[in-house]
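One structure below.
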Amino acid sequence: MKLLASDFDGTFYFKNRKLFLKNLTAARTFQKKNVIAIVTGRDAASVMHKFENTGFQPDYLAVYNGGRVLDSKGQLLYKDPLKIDLDRLYETLVQENVSQMSILSLTKVFHKSFHFDIHDWLYMMNNRSLKRNVVEDYHEIEDDIYMCSISCESEEKALLLSEKLKGMKLGCSIYVNKSYIDIVGEHASKEHAVEVIAMHTQADEVFVIGDSYNDIGMLRQFESYTVESANEAIKKEADHIVESVEAAIEDIQVR
């Protein structure tokens, strides 16, 4: 049995419905004899919302960049909550003049826009559609926090700020995904999530595919693919460059 662990946004999922449906069709075929996992910086609700009415469900789901790993029945296989000084982080983000930030637990989300724009409005509308409990103060979040997501004005800004945050030694993992920075549990990573899933499935072969900086760890550790739309830094880390998840599955199946 083979395991394919795929990043979600920009790899498996596209707003272009035609591309998304092609990946879905290939994934359903692959699942007949093998296992598909989605590994993403998103939370579970927002991923599964995209799969509604598609006839597809991943066999495993790793969210918050590996901070939580679930099987298809929702059984928790691994968790690593975020435990940092949020007041210190918040003060730093204000000083750095970031665009917006969100702090997420399983039940609540705190969202702060420092520069209101259309993306902020869309984010709030998305929270409402997913029926999230949005709070006005992150101190109101009593349950485990799993991620702080920071939006920057550009990928370059995100990369620079991520290095500064790493230098603060906050006791967390920090990943860049395009112009976003994801701060998650200290031991959370996509590569560790794939290890957990591989051990649970006892897969004979493990393959991964991703397109951004938060995928680099798993691209290095396993037989890896990236898509042609990824930037050159990511392409250098992958073993194979393909057009899509569909193309990666076609290649894996003939091995």
Side-chain angles (χ1 to χ4, degrees), residues 1-14 19-42 44 47-48 50-51 54-80 173 175 184-185 187-230 234-255:
M1 180 180 63
K2 299 174 181 179
L3 164 64
L4 172 60
S6 174
D7 170 53
F8 192 60
D9 292 285
T11 304
F12 194 101
Y13 170 73
F14 293 89
L19 294 177
F20 183 37
L21 289 175
K22 283 186 175 182
N23 289 336
L24 284 169
T25 300
R28 284 194 293 266
T29 300
F30 186 78
Q31 275 184 312
K32 291 178 181 178
K33 294 182 179 180
N34 303 289
V35 175
I36 289 273
I38 297 294
V39 287
T40 176
R42 285 185 183 238
V47 174
M48 297 312 296
K50 299 298 184 184
F51 288 135
T54 65
F56 173 80
Q57 181 174 335
D59 299 293
Y60 292 86
L61 181 61
V63 293
Y64 305 118
N65 288 292
R68 282 177 67 87
V69 182
L70 310 163
D71 66 13
S72 60
K73 296 180 180 178
Q75 178 182 348
L76 181 66
L77 304 181
Y78 175 81
K79 69 173 183 176
D80 182 21
S173 294
Y175 301 105
V184 294
H187 305 292
S189 70
K190 288 191 175 185
E191 58 269 27
H192 179 257
V194 176
E195 287 178 353
V196 170
I197 296 168
M199 184 178 300
H200 197 258
T201 60
Q202 297 184 327
D204 300 311
E205 297 178 86
V206 180
F207 304 88
V208 299
I209 181 168
D211 76 321
S212 195
Y213 295 97
N214 60 340
D215 299 311
I216 286 177
M218 70 175 187
L219 293 178
R220 289 174 175 173
Q221 187 162 331
F222 302 98
E223 181 85 12
S224 60
Y225 296 80
T226 192
V227 290
E228 292 178 349
S229 57
I234 308 304
K235 289 178 179 178
K236 290 178 181 178
E237 302 291 349
D239 298 310
H240 313 281
I241 301 172
V242 292
E243 291 184 354
S244 63
V245 168
E246 178 189 35
I249 287 174
E250 289 174 355
D251 186 65
I252 292 168
Q253 287 180 318
V254 299
R255 286 173 176 268

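Atom set for the values below is all heavy atoms of this structure, side chains included, hydrogens, waters and symmetry mates excluded. On a predicted model such as this, the values are computed, not experimentally measured, just so you know.
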Given Leu24, which partner from the list Thr29, Leu19, Thr54 fulfils the side-chain contact (heavy atoms from CB on, under 4.5 Å) test?
Thr54
For the pair [X] (side chain) and [Y] (backbone), establish whether a donor and an acceptor sit closer than 3.5 Å, ignoring hydrogens and angles.
| X | Y | value |
| --- | --- | --- |
| Lys190 | Val39 | yes |
| Lys235 | Glu228 | yes |
| Asn34 | Lys2 | yes |
| Ser173 | Gly185 | yes |
| Asp59 | Val35 | no |

Write down the atom of [X], the atom of [Y], and the distance for their closest heavy-atom approach.
| X | Y | result |
| --- | --- | --- |
| Gly66 | Val69 | O-CG2, 4.3 Å |
| Asp211 | Thr226 | CA-OG1, 3.8 Å |
| Ala37 | Ile197 | CB-CD1, 3.8 Å |
| Ala5 | Val194 | CB-CG2, 3.7 Å |
| Ala198 | Val206 | CB-CG2, 3.9 Å |

Straight-line distance of [X] [atom1] to [Y] [atom2], nearest 0.5 Å:
| X | Y | atom1 | atom2 | answer |
| --- | --- | --- | --- | --- |
| Met1 | Gln202 | CE | CD | 8.0 Å |
| Ile216 | Lys236 | CD1 | NZ | 11.0 Å |
| Gln221 | His192 | CD | NE2 | 9.5 Å |
| Ile36 | Leu61 | CD1 | CG | 12.5 Å |
| Tyr78 | Glu195 | OH | CD | 10.0 Å |
| Tyr225 | Ile249 | OH | CD1 | 10.0 Å |

Got a sec, which pairs hit side chain to side chain donor-acceptor pair (under 3.5 Å) with one end in residues 239-250, sequence neighbours left out?
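Side chain to side chain donor-acceptor pair (under 3.5 Å) check on residues 239-250 returns Glu223-His240, Ser224-Asp239, His240-Arg255.
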Could you list all the side chain to side chain donor-acceptor pair (under 3.5 Å) pairs where at least one residue sits in residues 62-71, not counting sequence neighbours?
Asn65-Asp182, Asn65-Asn214, Arg68-Tyr146
Taking the side chain as everything from C-beta on, heavy atoms only, tell me whether [X] gets closer than 4.5 Å to [Y].
| X | Y | answer |
| --- | --- | --- |
| Leu3 | Tyr60 | no |
| Met218 | Ser189 | no |
| Asp251 | Val242 | no |
| Ile252 | Phe30 | yes |
| Ile241 | Val227 | no |
| Val47 | Lys50 | no |

Would one find more than 12 heavy atoms of other residues, nucleotides or ligands at under 6.0 Å from atom CE of Met199?
no
Within the 6.0 Å centroid threshold, strictly below: Phe20 and Phe14:
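No, the ring of Phe20 stays outside the 6.0 Å limit from the ring of Phe14, centre to centre.
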Phe8 ring center near Phe51 ring center (under 6.0 Å)
yes
With side-chain contact (heavy atoms from CB on, under 4.5 Å) as the criterion, how do Ile234 and Asp215 come out once you've worked through the C-alpha distance, each side chain's angles and the decisive distance to 0.1 Å?
CA-CA 8 Å; Ile234 308 304; Asp215 299 311; 5.7 Å; no
Suppose we screen for side chain to side chain contact (heavy atoms under 4.5 Å, CB included). Which residues come up paired with Ser6, at least two apart in sequence or across chains?
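In terms of side chain to side chain contact (heavy atoms under 4.5 Å, CB included), with neighbours along the sequence ignored, Ser6 is linked to Thr11, Phe12, Ile38, Ile209, Val245.
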